[in-house]
Engineer: 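For reference, the structure I am asking about is given below.
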Amino acid sequence: MLTGAMLAINRGFNHKLFSDFHFPKTLARSFLFPRMAASPTVSSPAYSTGSPYQDPPKRVGTHNGSFHCDEALGCFMIRLTNKFSNAEIVRSRDPQVLEGLDAVLDVGGVYDPRRDRYDHHQKGFEEEFGHGFTTKLSSAGLVYKHFGKEIIAKELQVDEGHRDVHRLFLAVYKSFMEAIDAIDNGINQYDTDQPPRYVNNTHLSSRVGRLNLDWIQPDQSPEKENQAFQQAMALAGSEFLDCVRYHARSWLPARTIVMECLAARFDIHPTGEIMVLATFCPWKLHLFELEEELKIDPSIKYVLYQDDRSKHWRVQAVAIAPDRFESRRPLPANWRGLRDDELSRESGIPGCVFVHMSGFIGGNQTYEGALTMARTALKL
């Protein structure tokens, strides 16, 4: 019996499974509710989620056997497009079966977008995303490179040529897709001979990998394997859509706010090293990108914003890089770990609430107090 996630693939990802998502009508019509069979048809070694109602349906192939995140996500994404919106997923390694399909991902030894062939395992393959990214692409990265703008444009309900589409196209690759490409191609995150300090098996590629049939499972049939692949598509696809929607609805509007606050930084402090967020929003990545784009020097050291819950003000030290914990200028060492009246006495600033032990963030009851903390920290 199929689980809910499995049935979601066969029925086009039913509304209940994605009740927390809000698809544009065009995307919902083309992907969420295709007229597909309620249960799969299986033939070994190929597998198809076909429907008797399409005339004729497109067929997208990938390999059978053990699967990885890249082909699961690639199959999910390509079915979000107009060209392959009602596509069957055929899982096979048989060259004759693959030759007759409309698109083939992660198998076949051919990369040719004119024929919709998206494999990356063949000798001599070195395709990159471009736009400054140099990570070798996986099958998911290839699908995203050629169809990502269409998918994003549908989500935004604008034309593909809209400037926001290109901006999100790059942002989603940077924050989501590139890691999948790198992991699948065995590219380390850091250039170092030292072993990692800890193991991270919580990322999407690991979680998709764990959906493969375990060797101790008694049922190793093609049907069971393909059900697991359906779960992998659902998992990878839902997180991809989460990422796209976050960037469309939250990340992109925040960029305008950060840009405006950067422009006003000299009104806050003559050095221009303190920025105040008039409206709290995701600001960190925008700040680093805008500093580079606008050639801002000196860089921002502290960002002030109001905590929505307590209504207190925070002063946060900017990190040295988006993926680093160290701050450009931590709050003073003699403030760290102190709270309330003790911190106010030590700093000489009324209304202090706390300073973190690492000095990356502190708080004050008022905007004026938080600004004084930042100004004082710059002097010290």
Side-chain angles (χ1 to χ4, degrees), residues 171 174-175 189-190 197-198 246-247 250-380:
K174 182 175 183 178
S175 67
Q189 192 171 9
Y190 300 102
R197 294 184 177 181
Y198 55 88
Y246 163 77
H247 280 84
S250 176
W251 180 88
L252 188 60
R255 181 182 175 89
T256 301
I257 295 174
V258 176
M259 186 177 294
E260 292 173 350
C261 294
L262 266 176
R265 67 191 185 280
F266 289 106
D267 297 336
I268 307 302
H269 194 270
T271 65
E273 296 178 83
I274 301 174
M275 185 181 82
V276 176
L277 283 176
T279 301
F280 180 77
C281 63
W283 56 269
K284 296 176 185 177
L285 185 57
H286 288 306
L287 178 61
F288 287 105
E289 292 180 349
L290 289 170
E291 282 182 329
E292 184 175 349
E293 288 179 24
L294 303 175
K295 310 298 182 187
I296 290 179
D297 186 29
S299 61
I300 304 298
K301 304 302 187 300
Y302 301 108
V303 174
L304 274 62
Y305 55 88
Q306 190 173 33
D307 185 287
D308 286 339
R309 296 173 183 171
S310 67
K311 300 306 178 182
H312 293 161
W313 278 80
R314 300 290 179 88
V315 50
Q316 184 162 341
V318 179
I320 61 176
D323 57 350
R324 298 290 295 273
F325 293 110
E326 301 90 343
S327 301
R328 291 172 175 174
R329 187 186 290 248
L331 292 169
N334 60 317
W335 297 1
R336 299 175 200 171
L338 302 182
R339 296 189 62 87
D340 304 322
D341 292 342
E342 185 180 8
L343 176 57
S344 293
R345 287 193 298 270
E346 180 65 32
S347 65
I349 303 169
C352 288
V353 178
F354 78 100
V355 169
H356 191 272
M357 284 293 297
S358 67
F360 91 97
I361 194 170
N364 196 284
Q365 295 175 11
T366 67
Y367 165 72
E368 292 77 11
L371 181 57
T372 302
M373 291 174 72
R375 288 173 171 172
T376 304
L378 277 181
K379 295 177 184 178
L380 297 176

Engineer: Of all residues at least two apart in sequence or in a different chain, which pass the salt bridge (charged side-chain N to carboxylate O under 4.0 Å, His left out) check with E293?
Structural biologist: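 With neighbours one apart ignored, the set is R255.
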Engineer: Enter the distance from L287:CG to I300:CD1 here, rounded to the nearest 0.5 Å.
Structural biologist: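 Here the interatomic distance stands at 6.0 Å.
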Engineer: Apply side-chain contact (heavy atoms from CB on, under 4.5 Å) to Y246 and list each qualifying residue two or more places apart in sequence or on a separate chain.
Structural biologist: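 Testing Y246 for side-chain contact (heavy atoms from CB on, under 4.5 Å), a comparison that skips the adjacent residues, returns S250, W251, P282.
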Engineer: State which residues pass side-chain contact (heavy atoms from CB on, under 4.5 Å) with S344; sequence neighbours excluded, sorted by chain then number.
Structural biologist: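 Expected list: C352.
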Engineer: Can you give the donor-acceptor pairs under 3.5 Å from side chains of residues 263-276 to other protein atoms, not counting sequence neighbours?
Structural biologist:
unit_1, atom_1, unit_2, atom_2, d
R265, NH1, L262, O, 2.8
H269, ND1, T271, N, 3.2
H269, ND1, T271, OG1, 2.8
T271, OG1, E273, N, 3.2
T271, OG1, E273, OE2, 3.3
E273, OE1, K301, NZ, 2.7

Engineer: With E346, which residues qualify under side-chain hydrogen bond (donor to acceptor under 3.5 Å, both in side chains), at least two apart?
Structural biologist: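 With sequence neighbours excluded, E346 shows a side-chain hydrogen bond (donor to acceptor under 3.5 Å, both in side chains) to N334, given in chain and number order.
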Engineer: Can you list the residues that meet the salt bridge (charged side-chain N to carboxylate O under 4.0 Å, His left out) rule with R309, with sequence neighbours excluded?
Structural biologist: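 Here no residue qualifies.
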Engineer: Identify, with sequence neighbours excluded, every residue that meets side-chain contact (heavy atoms from CB on, under 4.5 Å) alongside R314.
Structural biologist: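 Counting only residues at least two positions away or on another chain, R314 forms a side-chain contact (heavy atoms from CB on, under 4.5 Å) with Y305, D307, F354, I361.
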Engineer: Once side-chain contact (heavy atoms from CB on, under 4.5 Å) is applied, do any residues pair with R197, and if so which ones, sequence neighbours excluded?
Structural biologist: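 With neighbours one apart ignored, the set is empty.
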Engineer: What residues form a salt bridge (charged side-chain N to carboxylate O under 4.0 Å, His left out) with E368, not counting sequence neighbours?
Structural biologist: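 With neighbours one apart ignored, the set is empty.
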Engineer: Taking C-beta and beyond as the side chain, do V303 and L277 meet within less than 4.5 Å on heavy atoms?
Structural biologist: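 Yes, close enough: below the 4.5 Å cut-off.
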Engineer: Does atom CD of Q189 have more than 12 heavy-atom neighbours, drawn from other residues, nucleotides or ligands, at distances under 6.0 Å?
Structural biologist: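 12 or below, so no.
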Engineer: Using the ring-ring contact (aromatic ring centres under 6.0 Å, His included) criterion, which residues pair with F360? Sequence neighbours excluded.
Structural biologist: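 In terms of ring-ring contact (aromatic ring centres under 6.0 Å, His included), with neighbours along the sequence ignored, F360 is linked to H356.
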Engineer: Using the rule side chain to side chain contact (heavy atoms under 4.5 Å, CB included), only one of L338, V315, L343, N364 pairs with V355; which is it?
Structural biologist: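 The passing option is L343.
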Engineer: Among all residues two or more places apart in sequence or in another chain, which pass the salt bridge (charged side-chain N to carboxylate O under 4.0 Å, His left out) test with D340?
Structural biologist: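 Applying salt bridge (charged side-chain N to carboxylate O under 4.0 Å, His left out) to D340 gives none.
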Engineer: Restricting to ring-ring contact (aromatic ring centres under 6.0 Å, His included), what partner residues turn up for W313, sequence neighbours left out?
Structural biologist: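 Here the qualifying residues are Y367.
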Engineer: About how many Å separate OG1 of T366 and CD of Q306, when rounded to the nearest 0.5 Å?
Structural biologist: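 Answer for the CD-OG1 pair, Q306 versus T366, is 10.5 Å.
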